[in-house]
Every structure is written in C-alpha cells, then in structure tokens.
Amino acid sequence: MSGINIGILAVQGDVAENILATKMAIEDLGMEGIVTEVKTPEQISDLDGLVIPGGESTVIGTLSLVNGSLKKIKEKIANGMPVFGICAGMIMLSKKAKDRVVGEMDQPLLDFLDVKIERNAFGRQKDSFESEISMDKIGISKFPGVFIRAPSIIETGKDVEVLSKFNEKIIAVKQGNILGTSFHPELTGDISLHKYFVSMIRKKN
Amino acid sequence: MIPLSGDLGDTKGVVKEKIGSFGTTRGTSTLKRGFAHMLKNGVVMDVTTVEQAQIAEDAGAVAVMVLDKLPSDVRKAGGVARTASIRIIQEIMDSVTIPVMAKCRIGHVYEAMVLQETNVDMIDESEVLTPADENRHIWKWDFTSPFVNGARNLGEALRRIEEGAAMIRTKGEPGTGNVAEAVIHIKNVNTELRRIKSIYDAGDEQDLISVARELKVSYSVVEQTASLGRLPVVNFAAGGISTPADAAYLMTLGCDGVFVGSGIFKADDAKERAQAIVLATTFWEDPDKVKEAQKMIDERQSMLGLDTKNLELRMQERGSTA
C-alpha cells in the first residue's frame, strides 16, 4: 500500500477545515496518504478512515440516507474502519440523541457509538465557548476546545472510554475504532487530535 | 481555507467567565465565524410560522430565518418592515433543533440587541426590512451573537466584515422570485476578487492601497482577502432563489450555500420544493441529481415572480453606500 486513504464526509458542514487538518496530521507523522472529500457510497468504499465533520446532524444524516452513503459507512465501520465524528459527526455515530429543548429525536443515526447524546447541551450560539481542555488518556494534556452549539454525552455503554470532560459533561470518547468529540479540533490549528486519529488508522493497517 | 480570526479580538462582544474550574471565552471571531462554517453547503430557509420551520427542518434546512412576513409580502405590504415578533421567534426556537436566525433593520442597534437577548443563533442585518440608519450599519463587534450581512459587491462585503459580520450573503433582489440579481452580485464579487488577487500576486502594494481607498475599507482587510482570493468569511447566495436549478447554479459560482426567502413558502409545493432545493444544493456537482431534484417540483407551482427591471422598491440599494 502506497499510502492511507482518508475521506472527509462532504455532505454538509466544515469539510475544508478537516481536509487541511488531516493532511497536516499525515505529513507531521511522516506518512504518505491522500485526503479527499467523499459523498458517494463508491468513494466511501475505498477508504481506510473517515472523518464526519461538524455541521447539522439532521442534514448530514438525512442526505447520507438519501444517496446510500449511510449504509456504506455502517458497513465500513462494522468492518473496523476507524472513524472520527466531530460535533454533528459524533451525533451521527451515536445510538441515541435527544435535544436539550425539543426532546427525543427521530433522526437517521449510524447507531454504533454506545452513548446517549444531548444535542445543543451547552445552549444556543451565544453560549458557544472556547476553553482549554485535556485528554490525558491519549497523551494530549492541553487542547484548545472550540464548542459551537455543542452536544455532550449523557450516558455511556460499558465499551466506551471517556477521554475528556468539561465541568462534569463528557465531551470526548473512544469506542474501539470510533473517536468522537463535542468540540471542533479542525478550527484550532492544533492538529494533535487529528494526528491521534491518523495513528489509529496506521495501527489498523 | 477560510480563516477564523477576525481583526478585532478584544471587543465588547467577547465575554470571559468561569464555568466550574474552567475559564471560558464567548463571542470570539473563531466562534462566530466558526458557526457560519458549520452551515456550509446548506440551505437556510425563510419562515414565518412554527409549521413552516418544521417543514424546513424535515426537508434538511441547515437553519431557519424567522420573519414577520416573507420578503415578497413585505414588498406587497409596503409600510415599515421591522423585526419579527419575539414570541413567534421563541416558539420556533422551542420547536426545531437547527439554528434559528432572525432579521433586524440595518443600523437598528436595539432591534439587534433584543434578538441577541432572545438568543437567536445569528442576526441578519437585512435590507429586506426598512433601514433605521442607512449611513451606519451596526458595529457588530459589540455583540456576542454572530451577524450575517448582505452585499452586492466586494466593497460592501468587506465593509460589513470590517464592522464585524461573521458571514456574508449576496443581496440579490429579495421577494422577486427572480435569481438574476443574485447572479449579478456573486459575479461582481468574483470579478473583483480575481482583480485584487492578481494585484496581490504581482506584489503591487501601492495598487492594493488604492483598492482599499476605492472600496473604503482598511488595507489589512483588502490584503487578507486578496491573498485568499475569496471572501475571508463564509459567503452564501440569497435573493430570488426559487428552484433547485437556481440553487445549484449559484453553488457553481462559488457560493458556500444558499438562503431561500419567498421561493419556498410562496410556492404551492413548499414541502417538495424545500427538499428539492436542499438536494440540489448538496449535490450541485452532479447534474443528474440536480435534474432529479428539479423533477420534484412543478414549475406551474413556482411563485410567479417579478421582473427586476421595473421595481418601485429596490431593496438591494438599502445601505449600499455606507
């Protein structure tokens, strides 16, 4: 294999930022690989790893369902492909989501990450915030957390490892080949979390 | 990539506070512009009721914009158009999970303040409403909530960004169902961007300074924009979009997403049309998918629309010289 092939799900959201951060992470690790936008099941089937970016989870879910990508992503994750869900992406990966105000949601989810998510857990946009957080378990002691209408995790299954908390709220988790964060590493210029994800793919291959 | 840092870091809109043992900061450029980044490749739909907002959310809208009347009705009604009823905005905020935006009048600092207190996710300082102060737009750095502003050309866009807008949209000609003006505006911006990029690439600082004078903005904003070759914030198309093909066409011109005003809920097939416009915006690169989206609507049910040549009221001219 000449290099790893990482896709950024490009249905909706901040795709370009994740392409850049992932490319920088690959380069920084001294690896070879390509990072591309993926939208179709065909593009997804070739991937070694997938990032589901921030955006609106209802939109990303509905549209991925329409064109068959959702099914393909499920298949790939079930076969062990590492996947990194950011904010809306983490919601997509989860088994269950509810909204802080509106309540239980019936939106298309990938149904892998054994957590229950509270959407918009910190409030609306005016309450969006930046704060320094840490993920000591994966060797990142300081990280600039950018939380935009962010979700949090309110219940976790037994296989879920909690990587970070903000004021008692769970904001980063790992479960096997799945990584999820409430916050947006791609908006910070700090690529350490993207590097961690790329090394998850490296180990797998 | 579109940068996230603004020019003014420490302004009234930036709030520092402690939550538990964590120091936090709200209202930064990263958060305001970052919010707009999350909307990319999406459709923001104008709505006037809870029912419309739910149709929009189900159709895959990335956010809704709450108005008292749809732009075409504002045009018909005449009189003074103001910000929507707070009670309706709140009802909509309680019934959908996607972001809720609302419009305030150009220059009306306190309508914007009321919307910020209402906790809408983004404020649109909009030419669809009757301007309160055409000479001075709101100084948006004073707010913690992000703003989107309309623009017809690069100068307007950069002046709004300099005032703190976290997102730009073309003005088009609202409420006409006619996409022609939006097309002109985005092409204007693109042409001007190409021009300043070539000046930047040639290393001609003196010429860039004269551009800054001509556009009535600071040199730093011009330089940053010229180096990027695009607007330094997320840029959506708006004004007169009525069909999936309209939306897809604007995406091909380099827009990051679209706002649809009267085009959906003034059509007789609003539900199908909302879905179809979302599909066309998402899959604009695939003509076959756009055709499928266009097939979902019936042209006989599109809003009739207006020829923009014979309008008594040209909303796009509001606040354009400031």
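Each chain gets a letter, A, B and so on, in the order the sequences are listed, and its residues count up from 1. Side chains included, hydrogens not; waters and symmetry mates left out as well; all remaining heavy atoms used.
In plain terms, the two heavy atoms of A:Phe129 and B:Arg26 that are nearest each other are CB-CG, 3.9 Å.
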Next item on the list: Determine, step by step, whether B:Thr28 and A:Val146 satisfy the side-chain contact (heavy atoms from CB on, under 4.5 Å) criterion, reporting the C-alpha distance in whole Å, the side-chain angles of both residues, the deciding distance to 0.1 Å, and the verdict.
Entry: CA-CA 10 Å; B:Thr28 62; A:Val146 174; over 6 Å; no
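Between B:Met93 and A:Arg124, the closest side-chain pair of non-hydrogen atoms falls below 4.5 Å.
With a 4.5 angstrom heavy-atom cutoff, B:Val15 does not touch chain A via any of its atoms. Interface remark: A:Asn67 contributes side-chain atoms only to the contact with chain B (heavy atom separation under 4.5 Å). Of the two parts of B:Met122, neither the backbone nor the side chain holds a non-hydrogen atom closer than 4.5 Å to a non-hydrogen atom of chain A. Proximity to chain B (any heavy atom under 4.5 Å) is shown, for A:Ala88, by neither the backbone nor the side chain.
Between the side chain of B:Asn41 and the backbone N or O of A:Val11, at least one donor-acceptor pair lies under 3.5 Å. Judged purely by atom type and a 3.5 angstrom limit, A:Gln125 uses its side chain to pair as donor or acceptor with the backbone of B:Leu31.
Between B:Arg33 atom CZ and A:Leu187 atom CG the span is 12.5 Å, to the nearest 0.5 Å. In this structure, NZ in A:Lys126 is found 14.0 Å from CZ in B:Phe35, a value given to the nearest 0.5 Å. Atom CZ of A:Phe166 and atom OG1 of B:Thr24 lie 6.0 Å apart (nearest 0.5 Å).
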